[in-house]
Peer 1: 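Pasting in a structure now, in structure tokens, and then I'll have a few things to ask.
Excluded from the calculations below are hydrogen atoms, water molecules and symmetry mates; all remaining heavy atoms, backbone and side chain alike, are included.
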Amino acid sequence: MYVCSCFGVTDSQVRAHQEAGACTPRQIASVSKAGTDCGSCVRRIQGLLGRGGCPRRQTESTAEQTAPASASAPASMPGAEPASVPPAPSVAEAA
């Protein structure tokens, strides 16, 4: 069945791209153009990909960013509060 009629992308093509590692509508768009013209298929692509989305990868730089700021605050700053880290956007918000 066609998911994107603008570029003739089928659900089986979306699933094949998913198995190859694409896990967001944006990644599907980069390999197939689906969702880049009128955009009406983006929700269908999200539905095919499911809620699992991409596995979260924690790199060294993101581990440092999520460390509490009070651990790195100088002792000369009494009452220093940890910096708040905003939550990561969900798959629905990212699209």
Side-chain angles (χ1 to χ4, degrees):
M1 174 173 72
Y2 284 103
V3 173
C4 175
S5 57
C6 295
F7 293 103
V9 179
T10 65
D11 57 342
S12 59
Q13 288 173 310
V14 171
R15 287 197 173 99
H17 292 308
Q18 182 182 24
E19 289 174 11
C23 53
T24 64
R26 186 170 289 177
Q27 290 172 338
I28 296 294
S30 71
V31 294
S32 68
K33 292 188 178 181
T36 61
D37 194 24
C38 75
S40 67
C41 60
V42 173
R43 289 196 186 268
R44 282 181 276 183
I45 293 169
Q46 285 176 324
L48 288 170
L49 296 175
R51 287 201 165 264
C54 295
R56 295 192 183 261
R57 295 182 187 161
Q58 186 164 355
T59 63
E60 216 171 85
S61 63
T62 57
E64 291 172 4
Q65 291 174 356
T66 57
S70 61
S72 61
S76 63
M77 295 180 62
E81 295 184 23
S84 65
V85 178
S90 70
V91 173
E93 293 171 346

Peer 1: With a cut-off of 3.5 Å and sequence neighbours excluded, list every side-chain donor-acceptor pair involving residues 6-15.
Peer 2:
unit_1 : atom_1 : unit_2 : atom_2 : d
T10    : OG1    : S12    : OG     : 3.0
T10    : OG1    : Q13    : N      : 3.2
T10    : OG1    : Q13    : OE1    : 3.4
D11    : OD1    : M1     : N      : 3.2
Q13    : OE1    : T10    : N      : 2.7

Peer 1: List the atom pairs, donor and acceptor, that lie under 3.5 Å between side-chain atoms in residues 29-37 and the rest of the protein, sequence neighbours left out.
Peer 2:
unit_1 : atom_1 : unit_2 : atom_2 : d
S30    : OG     : Q27    : O      : 2.8
S32    : OG     : I28    : O      : 2.8
S32    : OG     : A34    : N      : 3.3
T36    : OG1    : K33    : O      : 2.6

Peer 1: To the closest 0.5 Å, what do you measure between CD1 (I45) and CD (Q18)?
Peer 2: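 Result: 11.5 Å between the selected atoms.
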
